[in-house]
Amino acid sequence: MASLLYERRNLRFAKLLHATSELEARSIRGRGLRQPIVLLPNGIDLPTTHQVAPREVLERRFPELREGRWLLFLGRLDPKKGLDILLGLWRELGPRFPDWRLLVAGPDLGGYGARMVSVAAADPQLRSSTIFTGMLEGADKGAALAHSELFVLPTRGENFGIAIAEALAHGTPVVTTTAAPWEDLIRRECGWWVEPEADPIGAALEAAMRKSANE
């Protein structure tokens with residue numbers, strides 16, 4: 001509706017377009033727009049050592065996190081982000097990795113998050129190893145990013161994926177899909193970049209969780 005009302009006109013008369021990734025730039029060209037494009041990724045604040053909140057910040061709020069290694073999903077609870085794929089995989093992976101906890105952080109959009117909470121609550125395996133925190137901010141968010149051993153975003157589509165950049169800034173390796181413009185995960189050897197389907201995502205998660213913390 002916004003496109004029909006005004007955005008199409010705005011785009012047609014814009015003198016310069018901003019893309020956050022090559023993937024987004026190609027999408028802009030695919031819409032027939034021929035103006036110059038500036039390719040400029042989104043920026044984030046890099047945490048310093050003294051700014052990183054201790055793990056206990058979250059453990060006090062969520063005692064279930066006091067033991068085990070953390071696998072973090074952080075983002076809007078929206079169908080595009082692939083949380084349903086992740087919960088389906090975790091149902092199988094969780095019993096194989098009993099020392100891990102799946103930490104799901106982010107705001108609910110349109111009731112999708114509530115449905116995912118219900119799915120987890122109805123399954124004994126998911127219920128015992130999945131913690132939904134709601135939206136995390138400040139020290140809580142920093143603690144989640146810094147003390148998780150792995151970040152996962154099984155997305156069906158991203159123009160950038162700011163949470164991926166935030167995880168990497170905290171030294172946390174990433175598993176995400178080729179629907180996000182993060183091929184540098186492979187080039188820089190700091191994560192896994194796989195097809196946006198359950199099997200390759202599951203294989204990447206299993207490979208990652210089998211590595212030691214030092215690896």
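Heads up: numbering here begins at 1 and tracks the sequence.
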Shared ILVMFWY cluster between [X] and [Y], side chains joined below 4.5 angstrom?
| X | Y | value |
| --- | --- | --- |
| Leu65 | Val57 | no |
| Val119 | Leu89 | yes |
| Val52 | Val174 | no |

By the salt bridge (charged side-chain N to carboxylate O under 4.0 Å, His left out) test, which pairs, at least two apart or in different chains, include something from [range]?
| range | result |
| --- | --- |
| residues 109-129 | Arg91-Asp123 |
| residues 173-182 | none |
| residues 129-147 | Arg61-Asp140, Lys141-Glu166 |

field: All ring pair (Phe, Tyr, Trp, His ring centres under 6.0 Å) counterparts of Trp182, not counting sequence neighbours
entry: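 Partners of Trp182 under the ring pair (Phe, Tyr, Trp, His ring centres under 6.0 Å) test: Phe160.
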query: For Glu22, which residues count as a side chain to side chain donor-acceptor pair (under 3.5 Å) partner, sequence neighbours excluded?
result: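 Glu22: no side chain to side chain donor-acceptor pair (under 3.5 Å) contacts found.
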Restricting to non-hydrogen atoms, name the atom on [X] and the atom on [Y] that form the minimum distance, rounded to 0.1 Å.
| X | Y | result |
| --- | --- | --- |
| Leu23 | Pro181 | CB-CB, 3.9 Å |
| Ala19 | Ile37 | CB-CG2, 3.8 Å |
| Pro107 | Gly75 | CD-O, 3.9 Å |
| Leu150 | Ala208 | CD2-CB, 3.5 Å |
| Phe132 | Leu83 | CE2-CD2, 4.2 Å |

task: Under the side-chain contact (heavy atoms from CB on, under 4.5 Å) rule, collect the residues that match up with Ser212, sequence neighbours excluded.
output: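 Applying side-chain contact (heavy atoms from CB on, under 4.5 Å) to Ser212 gives Asn214, Glu215.
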message: So, using side-chain contact (heavy atoms from CB on, under 4.5 Å) as the criterion, who are the partners of Ala169 when residues are at least two apart?
response: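 Counting only residues at least two positions away or on another chain, Ala169 forms a side-chain contact (heavy atoms from CB on, under 4.5 Å) with Ile44, Leu46, Pro47.
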With side-chain hydrogen bond (donor to acceptor under 3.5 Å, both in side chains) as the rule and sequence neighbours excluded, what pairs involving [range] come up?
| range | value |
| --- | --- |
| residues 92-108 | Arg96-Glu206 |
| residues 144-163 | Glu24-Asn159, Arg69-Glu149, Lys81-Glu158, Asp84-Arg156, Thr155-Glu158 |
| residues 33-43 | none |

Rounded to the nearest 0.5 Å, what separation is found between the [atom1] atom of [X] and the [atom2] atom of [Y]?
| X | Y | atom1 | atom2 | value |
| --- | --- | --- | --- | --- |
| Thr176 | Ile164 | OG1 | CD1 | 4.0 Å |
| Leu58 | Arg66 | CG | CZ | 11.5 Å |
| Arg31 | Arg29 | CZ | CZ | 13.5 Å |
| Leu136 | Leu145 | CG | CG | 8.5 Å |
| Leu71 | Met209 | CG | CE | 6.0 Å |
| Leu93 | Leu102 | CG | CG | 10.0 Å |

Do [X] and [Y] have side-chain heavy atoms sitting under 4.5 Å apart?
| X | Y | answer |
| --- | --- | --- |
| Leu86 | Leu153 | no |
| Ile131 | Val104 | no |
| Val152 | Leu72 | no |

query: What ring pair (Phe, Tyr, Trp, His ring centres under 6.0 Å) pairs are there with at least one residue in residues 55-75, not counting sequence neighbours?
result: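 Applying ring pair (Phe, Tyr, Trp, His ring centres under 6.0 Å) to every pair that reaches into residues 55-75, excluding sequence neighbours, yields nothing.
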- request: May I ask you to decide if Leu168's main-chain N or O and Thr172's side chain share a donor-acceptor pair within less than 3.5 Å?
  value: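 Checking the backbone N and O of Leu168 against the side chain of Thr172, no donor-acceptor pair under 3.5 Å is found.
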field: Exam field: side chain Ser118 to backbone Ala114, donor-acceptor pair closer than 3.5 Å
entry: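 Side chain of Ser118 to backbone of Ala114: a pair is present.
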Only pairs under 3.5 Å count here: list side-chain donor-acceptor contacts from residues 185-204, not counting sequence neighbours, and write none if there are none.
| from | atom 1 | to | atom 2 | distance (Å) |
| --- | --- | --- | --- | --- |
| Arg187 | NH1 | Asp184 | OD1 | 3.0 |
| Trp193 | NE1 | Thr177 | O | 3.1 |
| Trp193 | NE1 | Ala180 | O | 2.9 |

